[in-house]
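What follows is a set of notes on a single structure, which appears directly below.
Every heavy atom of this structure was used, including side-chain atoms; hydrogens, water molecules and symmetry mates were not. Below, chain A is the first sequence line, B the second, and so on; all start at residue 1.
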There are 2 protein chains.
Amino acid sequence: MVQDIGEQLRAQGRRMTPQRQRVLDAVASLAHATPEDVVAAVARDGGAPLSPSTVYRALEALESLGAVGHTHLDHRAPTYHLADHADHVHLVCRGCGRVDQCERATAVQFEAAVLRSKGFVADVTHMAVHGWCSDCAKKR
Amino acid sequence: MVQDIGEQLRAQGRRMTPQRQRVLDAVASLAHATPEDVVAAVARDGGAPLSPSTVYRALEALESLGAVGHTHLDHRAPTYHLADHADHVHLVCRGCGRVDQCERATAVQFEAAVLRSKGFVADVTHMAVHGWCSDCAKKR
DNA sequence: TTGAATGCAAAAAATTTGCATATTG
DNA sequence: CAATATGCAAATTTTTTGCATTCAA
């Protein structure tokens, strides 16, 4: 998977570079990382720091390949993850800020209902669901 | 409803001002407005333009009262609406960008499932669901 | 070799903040 | 009159862009 991304890039006349590999590795190890997180992570991986623009462009390139995807946990920061780590819905607590997740399967009925009533093919994983986790819900 | 917001503000030692009223009116008439939209709308309502910071602060004040709420349709812009216009889920098309909506009721099973499995009290109206509208889905 | 990718610095875009002044209650 | 709200300008924060240089293929 991760190793043939270089070939996919080359197949499109694009290139695999050490920078892109480091960005990909950072996304893989962080699971949910903002561009800023990735910049910080690669700065810690032993190599020279990457400029933010390189990280933004690398994420864009990797996303256009389908190697990574992003989810919006809140308004201020897309978080990137490997494409194969995308099959869940994020639950962001308004109280404590914790991010939990649930199986995408939990939402299949909703997806089906939206498809039936609106013809809309929903991707419930792209933006997080906000609300109150069980602990915070109790306190209210 | 809208008219006793002044009293609610005063009850908290805060104030109702012409600026806040104009912001509230703009939110009411636009239905889904970004702060930028509100700035533009009040500039057209006959009065003097409001400075962006006044609009941001007015929206914050009105939201803290529960008079307005906001939804994230995409990553770059919260959209404000009257609190009583909040009961639907937004569906944003990745193809054409159109924003549709469906009844919150469509998601009750999902909300129930998340509550059951995670104890999480979900507010499905806060962030939009992305996907493909029927027209764009056909084209793929 | 040659065009895509990088790095830097400057530009944008979107909020936020400090502070003097104006206004509400 | 006292404290809150406004307006402006400057500061932040986050992301994008131009361009000369480097490097993958």
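- Look at CD on Glu7(B): it is 11 Å from P on dG25(C), rounded to the nearest Å.
- A pairwise comparison of heavy atoms in Val23(A) and Ala58(A) identifies CG2-CB, 3.9 Å as the closest pair.
- Here Arg10(A) lies in heavy-atom contact (under 4.0 Å) with sugar-phosphate atoms only.
- In 5' to 3' order, the nucleotides of DNA chain D bounding all contacts with chain A (an atom under 4.0 Å from a heavy atom) are dT14(D) to dA25(D).
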Show the distances under 3.5 angstrom between N or O atoms of the protein and N or O atoms of nucleotides 11-14 of chain C.
none

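- Among the atoms of the strands shown, only primed sugar atoms or phosphate atoms (P, OP1, OP2) are found under 4.0 Å from some heavy atom of Arg20(B).
- Phosphate proximity of dA4(C) to Thr17(A): absent, as no side-chain N or O sits under 4.0 Å from OP1 or OP2.
- Summarising the geometry of His85(A) relative to Ala31(A), their closest heavy-atom pair is ND1-O, 4.1 Å, with the distance given to 0.1 Å.
- Annotation: side-chain hydrogen bond (donor to acceptor under 3.5 Å, both in side chains) contacts involving residues 87-102 of chain B, sequence neighbours excluded, comprise Asp123(A)-Arg94(B), His126(A)-Arg94(B), His32(B)-His90(B), Asp87(B)-Arg104(B), His88(B)-His90(B), His88(B)-Gln101(B).
- In terms of heavy atoms, Thr125(A) sits closest to Ala86(A) at CG2-O, 3.3 Å.
- Two residues are said to be in side-chain contact when any heavy atoms from C-beta on lie closer than 4.5 Å; Asp135(A) and Cys96(A) fail this criterion.
- Applying the salt bridge (Lys or Arg N to Asp or Glu O under 4.0 Å) test to Arg22(B) and every residue at least two apart in sequence or in another chain returns Asp45(B).
- Relative to the axis of its first five pairs, the axis of the last five pairs of the helix from dT1(C)-dA25(D) to dG25(C)-dC1(D) sits at 40°, rounded to 10 degrees.
- Evaluation of the side-chain hydrogen bond (donor to acceptor under 3.5 Å, both in side chains) rule for Gln109(A) yields no partner, not counting sequence neighbours.
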(request) Report the C-alpha distance between Thr54(B) and Val39(B) in whole Å, list the side-chain angles of each, state the deciding distance to 0.1 Å, and finish with yes or no for side chain to side chain contact (heavy atoms under 4.5 Å, CB included). (result) CA-CA 9 Å; Thr54(B) 298; Val39(B) 169; over 6 Å; no
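- Residues Arg14(B) and Arg14(A) both approach DNA chain C. Their nearest nucleotides, taken by heavy-atom distance, put Arg14(A) toward the 5′ side.
- Straight-line distance from the CD atom of Glu60(B) to the C1' atom of dT17(C): 12 Å, rounded to whole Å.
- At whole-Å resolution of the value, CZ in Arg57(A) and P in dT6(C) are 7 Å apart.
- Atom CD of residue Glu63(B) and atom NE2 of residue His81(B) lie 8.0 Å apart, to the nearest 0.5 angstrom.
- Atom-to-atom, CG of Leu59(A) to C1' of dT6(C) comes out at 15 Å; the value is rounded to the nearest Å.
- Residue contacts shown for Pro49(A) are absent, as no nucleic acid heavy atom lies under 4.0 Å away.
- The nearest pair of heavy atoms linking Thr106(B) to Phe110(A) is O-CD1, 3.5 Å.
- Regarding Gln19(B), its CD atom lies at a distance of 9 Å from the P atom of dT23(C), rounded to whole Å.
- Residue side chain Arg15(A) reaches the base of dA4(C) through a donor-acceptor N/O pair under 3.5 Å, judged by distance alone.
- When side chains are defined from C-beta on, Val129(A) does not count as touching Val114(B), because their heavy atoms never get closer than 4.5 Å.
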